[in-house]
Amino acid sequence: MKVLGIESSCDETAASVVEDGRVLSDVIASQVAVHRPYGGVVPELASRNHMINLTPVIEQALKDAQVELGQIDGIVATSGPGLIGSLLVGLQAAKTIAMSRKLPFVGVNHLRGHLLATRIEGDNLSRPNFPYMALLASGGHTGVYLVESEDSITCLGQTRDDAAGEAYDKVAKLLGLGYPGGPIIDKMAAVEGDEETFPQALRQRKSYEFSFSGIKTAVAQRVATFKGGPDDKQMHAIARGFQRAVVEILVRKVVLAAREKQVSSVVLAGGVAANKGLRAHAAKICRENDLKLFAPPPSRCTDNGSMIAYAGYLSLAAGQRSSFDLGPRSNWPV
Ligand code: KG4
Ligand code: ZN
C-alpha cells in the first residue's frame, strides 16, 4: 500500500510517500529563514508559505518516490495539534486529492507521528518493540508517554507551561543567538568550559510533569547581572548550564517512568530529541539503568512528512478512515 502523507502543523511544509511502512521519499521545505527575523514562528506567515510550498513539495515527494499520483492508494495529513491556519492548508489539500481521486483518507495526530517515528523501517537503526516509554520533547509539547502498541498510547505527564523546545527558542532569543534556538545552544554547550547552574523544576516530584518557564526567567535574571551583557565566554557558560538543566530533567523523568512501569525500552522523540547532549546523556543514564535506548535519526526527530505518512499508513492499513468534514484541531491529546 502506497500512502502520500502531508505535514503542515507548524512552520515546515513536508510530504512523504511510504510503501507498506517503508519510506520512499521524504521532502521538506523549511520556513526557518522566513521566521528567523521574528525569533519564532509567525502563524500568518506560516500559513501563507504553506500555500506557496505545498504543491511543489508534494510533486517532489512523488518524483523522488518514482510514483504517479494514480499509483497512490491513500492520502493522509496532520489534522492536529498545531497552528490552525497551517493545518488547514495541508489538510484541505489532502482531502481535495482524496476526494477527486476517490482515495481513502485519514487525519493524523502529529504527536502520534512523533511517537511512532522510531518504528519506521529501513533507517538502518534498530527499532524498539512495544511497549516502550517515550519522551516527546518538541517546540509545542513535552511529556512522557507509555506506548503499548500503535493504537495504545498513554500520556503519563506533561509540561505545566512551556515546552522544552520553546524554552530553547526563548533562551536563544534572550541571548540574541538566533532561531531556532535548540541547535545553536546545543552546539555552544558542546564546547568545554565554565558552566552556570540553573534550577530543575519539579525534580524531586515523583510525577512525570515538567515546567520550563522558571528556567527562562532564571536565565534572564542571570543575563541582567552582566553589565553590558554577557561576553562570549559567559554566553557559553549560560548555554552549557541551561542545556544541562533541561537535558537532565528530561532524561530523569522518562527513566523514572520506565523503571516504575517496568518497561525496558526508552524512546526519544520530537525536535529536542535531535539534541546531541540529550542523546548522549540519555545513553549514559539508560546504560546505568539497564534500559535500551532508541531514537530516530535527527532529521526524523524534527517535523517531517515521513512520520505522518507512516502513522497514517498504519491507520489506513487498520481500516480507519476520516470523513471529509474533518477539521483541524489546535489541541488533540494523542
Ligand atoms: O518537533 P519539532 O520540529 O516541531 C514541533 O512539533 O514543535 O520541534 C521544534 C523544536 C524547536 O523548539 C527547536 O528549537 C527544537 O525543536 N530543536 C532542538 C534541536 N533541534 C530542534 N532543541 C534542542 N536541540 C536541538 N538540536
Ligand atoms: Zn512536531
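Order of listing sets the numbers, starting from 1, for every ligand and every atom in it. Everything quoted here is computed from the prediction, not taken from an experiment.
Heavy-atom separations between C10 and ligand 1 are all 4.0 Å or longer.
There is a side-chain donor-acceptor pair under 3.5 Å between S211 and D161. H110 and E7 form a side-chain donor-acceptor contact under 3.5 Å, judged by distance and modelled atom types alone. In this model, no donor atom of one side chain and acceptor atom of the other lie less than 3.5 Å apart for E12 and N304. Counting only N and O atoms by type, the side chains of H50 and T13 include a donor and acceptor under 3.5 Å apart. Checked by atom type, the side-chain pair S149/D151 shows no donor-acceptor distance below 3.5 Å.
Taking the six-membered ring for Trp and the full ring otherwise, Y38 and Y179 have centroids separated by 6.0 Å or more.
Of the protein's non-hydrogen atoms, N275 ND2, 2.9 Å is the one closest to atom 24 (N) of ligand 1. Among protein heavy atoms, the minimum distance from atom 3 (O) of ligand 1 is reached at D303 N, 2.9 Å. Of the protein's heavy atoms, G182 CA, 3.3 Å lies nearest to atom 22 (N) of ligand 1. Atom 13 (C) of ligand 1 has its closest protein heavy atom at D169 OD1, 3.8 Å. Nearest protein heavy-atom neighbour of atom 17 (N) of ligand 1: G271 O, 3.5 Å.
Of all heavy-atom pairs spanning V267 and P128, the tightest one is CG2-CG, 3.7 Å.
Numbered from 1 in the order shown, with element, the atoms of ligand 1 that lie under 4.0 Å from a heavy atom of G140 read 7 (O). Ligand-side atoms of ligand 1 in range of G139: 5 (C), 7 (O), 8 (O), 9 (C), 10 (C), 12 (O), range being under 4.0 angstrom from any heavy atom. Close approach of ligand 1 to H114 (heavy-atom distance below 4.0 Å) involves ligand atoms 1 (O), 6 (O). Near D186, with a cut-off below 4.0 Å to any heavy atom, the atoms of ligand 1 are 26 (N). The distance from ligand 1 to the heavy atoms of H110 drops below 4.0 Å at these ligand atoms: 6 (O). Each of the following atoms of ligand 1 lies closer than 4.0 Å to a heavy atom of A274: 26 (N). Close approach to S138 involves these atoms of ligand 1, each under 4.0 Å from a residue heavy atom: 1 (O), 5 (C), 6 (O), 7 (O), 8 (O). Counting atoms of ligand 1 from 1 in the listed order, those under 4.0 Å from a heavy atom of P180 are 14 (O).
With 2.8 Å as the limit, H141 does not count as an N, O or S neighbour of the Zn ion (ligand 2).
Considering just the N/O/S atoms of D303, the one nearest the Zn ion (ligand 2) carries the name OD1. The atom of H114 nearest to the Zn ion (ligand 2) is NE2, with the search restricted to N, O or S atoms. Closest to the Zn ion (ligand 2) among the N, O or S atoms of H110 is NE2.
Contact annotation: the side chain of N275 approaches that of Q243 to within less than 4.5 Å [non-hydrogen atoms, C-beta and beyond]. Taking 4.5 Å as the limit, every side-chain heavy atom of Y208 sits out of range of all side-chain heavy atoms of V254. Counting heavy atoms from C-beta outward, L146 and Y132 have side chains that stay 4.5 Å or more apart.
A cation-pi arrangement, defined by a distance under 6.0 Å to the six-membered ring centre and an angle within 45 degrees of its axis, is present between R119 and F130.
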